[in-house]
There are 2 protein chains.
Amino acid sequence: MSKTQIHQQVLGANAEYVKHFGNKSELALPPARQFAILTCMDARLDPAKYAGLAEGDAHVIRNAGGRASDDAIRSLIISHKLLGTKEWFVIHHTDCGMELFTNDIIQNLLAKSLATATVDEKGWRNVQEEGGSDEARFVNFLTIKNLETSVSEDVQRIKSHPLVAKDIPVYGYIYDVKSGKLIEVPQVN
Amino acid sequence: MSKTQIHQQVLGANAEYVKHFGNKSELALPPARQFAILTCMDARLDPAKYAGLAEGDAHVIRNAGGRASDDAIRSLIISHKLLGTKEWFVIHHTDCGMELFTNDIIQNLLAKSLATATVDEKGWRNVQEEGGSDEARFVNFLTIKNLETSVSEDVQRIKSHPLVAKDIPVYGYIYDVKSGKLIEVPQVN
């Protein structure tokens with residue numbers, strides 16, 4: 001089967017990366033700088049660039065919203081217990097897609113079609129209405145109403161988790177997609 | 001409270017990034033190149049570098065192992081349904097930490113202590129034995145026995161998910177940490 005343009009481009013970029021791989025083959029498995037970042041999958045975010053990470057430095061966990069889901073916490077537990085990270089950052093960002101819909105909205109859209117929806121000033125709309133699934137009713141999409149709140153809630157959820165050591169500092173930040181700046185979200189504790 | 005060295009370094013690196021942010025403030029929310037990568041949180045992996053991504057190009061989802069957890073699939077569903085990605089890569093890697101333990105091992109370690117364990121030729125060992133939690137019995141840590149199998153299973157789990165559109169190609173790869181190379185895992189289907 002012939003490869004798509006994107007598939008070819010990714011393999012082409014990878015071939016270039018391999019050419020200049022240098023001594024990165026020497027890097028150890030545990031993160032050298034002993035910290036982890038939990039952030040959003042958003043395409044505009046490059047945590048290695050915005051937080052100054054070289055290969056080997058830090059764990060990076062990403063999902064829709066940068067939320068402290070059970071799976072993100074699974075990853076953080078492994079990160080500390082077996083791989084020695086000692087400080088964690090939770091970083092959400094301005095203009096996040098997770099602020100643009102609710103569980104109801106995406107569940108209703110998916111119930112009628114799995115294909116990509118469109119959005120305009122009237123809201124989200126399916127472009128076709130066939131082949132949907134009611135399974136979405138069972139998924140919590142972890143949408144965001146307010147960024148300070150989502151960061152604070154996620155920091156607290158991590159800190160209060162029974163499998164998270166109490167001496168791990170968890171910092172909360174919002175990344176501003178208009179400037180690249182990390183803005184601290186003070187934690188109440 | 002004074003900031004740790006890591007905390008200061010991250011903010012310092014971010015200040016440098018902001019200085020050279022340029023026209024990235026113009027980037028649109030949906031990924032310009034309309035694809036997503038699911039890969040491991042491992043510190044040695046930089047998907048932007050190994051797959052040639054600029055800010056704005058593609059969604060990047062990362063967790064311990066790069067596993068197709070429910071949360072990773074939540075993220076992929078949002079990525080396609082609302083933000084228009086059309087192709088997905090699942091990329092695990094050689095020398096993955098997830099190959100070095102089992103659910104039993106980490107559950108037993110956490111039962112006695114939440115602090116970082118050590119490892120040698122005899123296996124994992126707690127350095128202290130207090131403050132553990134049996135909660136780990138309820139967590140599936142999604143460890144890996146064989147990389148080809150984990151990639152294939154995760155590709156199949158995604159493709160067969162009731163909320164994933166059938167026309168999305170899902171490519172399976174293993175990243176070689178010794179060379180930086182992406183090695184294809186042929187899919188049976």
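Every heavy atom of this structure was used, including side-chain atoms; hydrogens, water molecules and symmetry mates were not. Reminder, nothing fancy here: chain letters follow the sequence lines and each chain counts from 1. Owing to the predicted nature of the structure, the values given are computational and were not obtained by experimental measurement.
Contact of B/E184 with chain A is made through the side chain alone, with heavy-atom distances under 4.5 Å. For A/F35, the part sitting under 4.5 Å from any heavy atom of chain B is the side chain, from C-beta outward, and nothing else. Neither the backbone nor the side chain of B/L76 comes within contact range of chain A; no heavy atoms are under 4.5 Å apart. Using a 4.5 Å cut-off between heavy atoms, A/I73 does not touch chain B at all. A/L11 touches chain B through its side chain: at least one heavy atom from C-beta onward sits under 4.5 Å away, while N, CA, C and O do not. Within the 4.5 angstrom heavy-atom criterion, only backbone atoms of A/A28 (N, CA, C, O) approach chain B. Using a 4.5 Å cut-off between heavy atoms, A/I105 makes no contact with chain B at all. With a 4.5 Å cut-off on non-hydrogen atoms, A/V177 touches chain B through its backbone but not through its side chain. Residue contact with chain B, scored on non-hydrogen atoms closer than 4.5 Å, involves the backbone of A/A58 exclusively. In this structure, the portions of A/E135 lying under 4.5 Å from any heavy atom of chain B include both its backbone and its side chain. For chain B, no part of A/T118 is nearby; none of its heavy atoms comes within less than 4.5 Å. Proximity to chain B involves both the backbone and the side chain of A/L182, based on heavy atoms less than 4.5 angstrom apart. Only the backbone of A/V164 comes within contact range of chain B, with heavy atoms under 4.5 Å apart. Only the side chain of B/I106 comes within contact range of chain A, judged by heavy atoms closer than 4.5 Å. Contacts of A/Q5 with chain B are absent, with no heavy-atom separation under 4.5 Å from either backbone or side chain. Of the two parts of A/K24, only the backbone, made up of N, CA, C and O, holds a non-hydrogen atom closer than 4.5 Å to a non-hydrogen atom of chain B. A/D57 touches chain B through its backbone: at least one of N, CA, C or O sits under 4.5 Å from a heavy atom, while the side chain does not.
Judged purely by atom type and a 3.5 angstrom limit, A/K81 uses its side chain to pair as donor or acceptor with the backbone of B/A115.
The candidate with the highest count of non-hydrogen atom pairs below 4.5 Å against chain A, out of B/P162, B/A54, B/G97, B/S69, is B/P162. Each of A/D134, A/I168, A/L110, A/V139 has some count of heavy-atom pairs under 4.5 Å with chain B, and the biggest count is that of A/L110. Ranked by non-hydrogen atom pairs under 4.5 Å with chain A, the options B/P30, B/A136, B/S79, B/C96 are led by B/A136. Chain B forms more heavy-atom pairs under 4.5 Å with one residue of A/K19, A/Q9, A/H161, A/E26 than with any other, namely A/Q9. The residue among A/H59, A/R74, A/K178 with the most heavy atom pairs within less than 4.5 Å of chain B is A/R74. Taking chain B as the reference chain and counting heavy-atom pairs below 4.5 Å, the highest number among A/V119, A/D95, A/L38 is found for A/D95. Comparing A/S113, A/G65, A/G131 by how many heavy-atom pairs each has under 4.5 Å with chain B, the most go to A/S113. Taking chain A as the reference chain and counting heavy-atom pairs below 4.5 Å, the highest number among B/V60, B/I61, B/L142 is found for B/V60. Per-residue heavy-atom pair counts under 4.5 Å with chain A were compared for B/D167, B/T116, B/L83, B/I77, and the maximum is reached by B/T116. Taking A/G52, A/G22, A/A51 one by one and counting their heavy-atom pairs under 4.5 Å with chain B, the maximum is reached by A/A51. Heavy-atom pairs under 4.5 Å with chain A were tallied for B/K181, B/K49, B/E16, B/M98; the largest tally goes to B/K49.
At most 12 heavy atoms of other shown residues, nucleotides or ligands fall within 6.0 angstrom of atom CZ in A/R125. The number of heavy atoms from other shown groups lying within 6.0 Å of NZ (B/K145) does not exceed 12.
Within the model, atoms CD of B/E55 and CG of A/L45 stand 9.0 Å from one another, a figure rounded to the nearest 0.5 Å. Expressed to the nearest 0.5 Å, how far OG of A/S179 lies from CG of B/N14 amounts to 8.0 Å. Note: A/T39 OG1 to B/R62 CZ = 11.5 Å, rounded to the nearest 0.5 Å. Atom-to-atom distance recorded for A/H80:NE2 and B/L114:CG is 7.0 Å, nearest 0.5 angstrom. Considering CG of A/L53 and CG of B/D46, their distance stands at 8.0 Å, rounded to 0.5 Å. Rounded to the nearest 0.5 Å, atoms CZ (A/R67) and OG (B/S75) are 11.5 Å apart.
Residues B/M41 and B/Y50 do not share a hydrophobic cluster, clusters being chains of Ile/Leu/Val/Met/Phe/Trp/Tyr side chains in contact below 4.5 Å. The same ILVMFWY cluster, assembled from side-chain heavy atoms under 4.5 Å apart, contains both A/W88 and A/V155. A/Y173 and B/F21 end up in the same hydrophobic cluster when Ile, Leu, Val, Met, Phe, Trp and Tyr side chains are linked at under 4.5 Å. B/I144 and B/L100 end up in the same hydrophobic cluster when Ile, Leu, Val, Met, Phe, Trp and Tyr side chains are linked at under 4.5 Å. Hydrophobic cluster membership differs between B/I91 and B/I174, with clusters built from Ile, Leu, Val, Met, Phe, Trp and Tyr side chains linked at under 4.5 angstrom.
Closest of all the heavy-atom pairs between A/A64 and B/I78 is CB-CD1, 3.8 Å.
For the pairing with B/D71, the side chain to side chain contact (heavy atoms under 4.5 Å, CB included) check across A/D70, A/N63, A/N140 returns one residue only, A/N63.
Contact annotation: the side chain of B/I6 approaches that of A/R33 to within less than 4.5 Å [non-hydrogen atoms, C-beta and beyond]. Between B/I37 and A/V10, the closest side-chain pair of non-hydrogen atoms is not below 4.5 Å. Counting heavy atoms from C-beta on, the side chains of A/Y171 and B/T4 come closer than 4.5 Å. A heavy-atom distance below 4.5 Å is found between the side chains of B/L109 and A/L82.
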- Task: Decide yes or no on ring pair (Phe, Tyr, Trp, His ring centres under 6.0 Å) for B/H7 and A/F89, but give the supporting numbers first.
- Result: CA-CA 9 Å; B/H7 199 164; A/F89 293 76; 5.5 Å; yes
